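Computed from a predicted structure; not experimentally measured.
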Amino acid sequence: MRPSHPAMRSSVPTASRAFTLLEMLVAVTVFSLLMVLVSQLIFIVTQATQSQKKTMSALVDSRQSLDRLSSDWSYRVRRDDIKAFFEKKTGNDELGLLSQVPAYSGTRQVAAISFRVNPQTHTLERGVKGYNWKTTDPSPDNNEVLSLPVTTMPALTNPDYEPLGQTVFRFEFCFLRRTDPTDPTQASYTVDPSLNLDSQDLAAVLVGVAALDDQSRLLINTDQLDALTGTLPDVA
């Protein structure tokens, strides 16, 4: 029986009442706002994760490329009559050397190594060509004879190159000169384009790369990638 007196209606437990339409609307609105906030949070976390993944991909590729160059350089043939090949260009530079590493051709475990960025694919490549010490050691692939001493690196052709850094699109090097440490007006080191490996003041050869992950490359065309390469400064 429904209580008729107001005092008796107020004594009905709250838990037994039904939700009103206004309460339902408020609950649905709050729930919708929470869902929007959670969705935005998930989207932000996903975007950050993808961005970090792309960055790590480019960093790992760049590090592996520089490690390969560093390994080849550590086994460089160190003789006064052998010169490394350094070519400064507008945009990407090119670096070559003789290294005691295996090659696909040649009768000795010495190879002419070259690092360049392919202008068509915009990726870093490593060229390898077998090198022979004596004129009595003909190269088995094309009977070309290479002998020491040499003052220039042998020419490498496109078949001699293979991909090294798929994300690397810029390759730059410079020479670092050791300055007078007693002069407080001078920096400890300075870039000097006149240096070479024979220079007494040579402190280091610095190599830098710029990389763009594969997913980001799909968003730009070749002309835009060329423009991006051109915006990066050339180090003397």
Side-chain angles (χ1 to χ4, degrees), residues 40 42-73 83-99 101 103-105 111-129 152-176 189-197 204-236:
Q40 290 181 342
I42 294 175
F43 176 78
I44 293 174
V45 172
T46 302
Q47 290 291 96
T49 302
Q50 291 179 349
S51 177
Q52 185 68 18
K53 182 179 179 180
K54 292 190 293 185
T55 301
M56 288 301 299
S57 174
L59 288 175
V60 169
D61 194 33
S62 300
R63 180 59 183 270
Q64 290 177 344
S65 300
L66 292 176
D67 285 347
R68 176 73 266 185
L69 192 155
S70 177
S71 176
D72 291 339
W73 186 268
K83 309 298 181 184
F85 170 74
F86 298 98
E87 184 175 354
K88 295 292 296 180
K89 300 179 180 179
T90 301
N92 286 298
D93 300 333
E94 190 170 347
L95 187 153
L97 64 150
L98 283 184
S99 182
V101 296
Y104 300 114
S105 62
I113 307 294
S114 177
F115 294 87
R116 72 172 189 183
V117 171
N118 188 305
Q120 280 73 42
T121 62
H122 295 87
T123 57
L124 182 64
E125 296 180 334
R126 176 177 178 264
V128 184
K129 185 174 184 178
T152 58
M153 289 288 296
L156 275 69
T157 59
N158 289 332
D160 297 319
Y161 286 90
E162 56 189 8
L164 177 61
Q166 297 284 2
T167 66
V168 176
F169 68 93
R170 182 67 190 272
F171 182 76
E172 185 81 14
F173 73 85
C174 66
F175 298 105
L176 207 61
Y189 302 95
T190 182
V191 177
D192 190 343
S194 65
L195 296 178
N196 54 57
L197 293 182
V205 179
L206 300 184
V207 177
V209 297
L212 188 64
D213 64 277
D214 293 331
Q215 294 184 16
S216 298
R217 281 175 177 251
L218 297 176
L219 303 178
I220 60 177
N221 55 37
T222 302
D223 294 336
Q224 291 173 324
L225 190 55
D226 287 333
L228 177 60
T229 302
T231 59
L232 301 177
D234 285 302
V235 182

Report the distance from atom [atom1] of [X] to atom [atom2] of [Y], rounding to the nearest 0.5 Å.
X: Gln64; Y: Leu59; atom1: CD; atom2: CG; value: 11.5 Å
X: Phe173; Y: Leu95; atom1: CZ; atom2: CG; value: 6.0 Å
X: Phe85; Y: Leu156; atom1: CZ; atom2: CG; value: 10.0 Å
X: Ser65; Y: Glu125; atom1: OG; atom2: CD; value: 11.5 Å
X: Leu212; Y: Ser62; atom1: CG; atom2: OG; value: 10.0 Å
X: Phe171; Y: Leu124; atom1: CZ; atom2: CG; value: 6.5 Å

Ignoring hydrogens and geometry beyond distance, is a side-chain donor-acceptor pair present between Asp160 and Thr157 at under 3.5 Å? yes
Counting distance only, does the side-chain N/O of Ser71 pair as donor-acceptor with the main-chain N or O of Asp67 below 3.5 Å?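 Side chain of Ser71 to backbone of Asp67, a donor-acceptor pair under 3.5 Å: no, none is there.
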Can you give me the closest heavy-atom contact between [X] and [Y], atom names plus distance?
X: Lys89; Y: Asp234; value: O-OD1, 3.4 Å
X: Gly165; Y: Asp61; value: C-OD2, 3.3 Å
X: Arg217; Y: Thr123; value: NH1-CG2, 4.1 Å
X: Thr222; Y: His122; value: CG2-CE1, 3.4 Å
X: Phe169; Y: Thr229; value: CD1-OG1, 3.3 Å
X: Leu164; Y: Arg68; value: CD1-CG, 3.8 Å

Is there a side-chain contact between [X] and [Y] in this structure, where contact means two heavy atoms from C-beta onward sitting under 4.5 Å apart?
X: Phe86; Y: Val205; result: yes
X: Arg126; Y: Asp72; result: yes
X: Asn92; Y: Arg170; result: yes

Axial cation check for Tyr161 ring with Lys129, 6.0 Å and 45° limits: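 No, cation not above the ring by the 6.0 Å, 45° rule.
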What residues form a side chain to side chain donor-acceptor pair (under 3.5 Å) with Asp214, not counting sequence neighbours? none
I would like to know whether Leu176 and Val191 meet side-chain contact (heavy atoms from CB on, under 4.5 Å); could you show each step before the answer? CA-CA 5 Å; Leu176 207 61; Val191 177; 4.1 Å; yes
Would you say CD of Gln224 has more than 12 non-hydrogen atoms from neighbouring residues, nucleotides or ligands within 6.0 angstrom?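 Yes.
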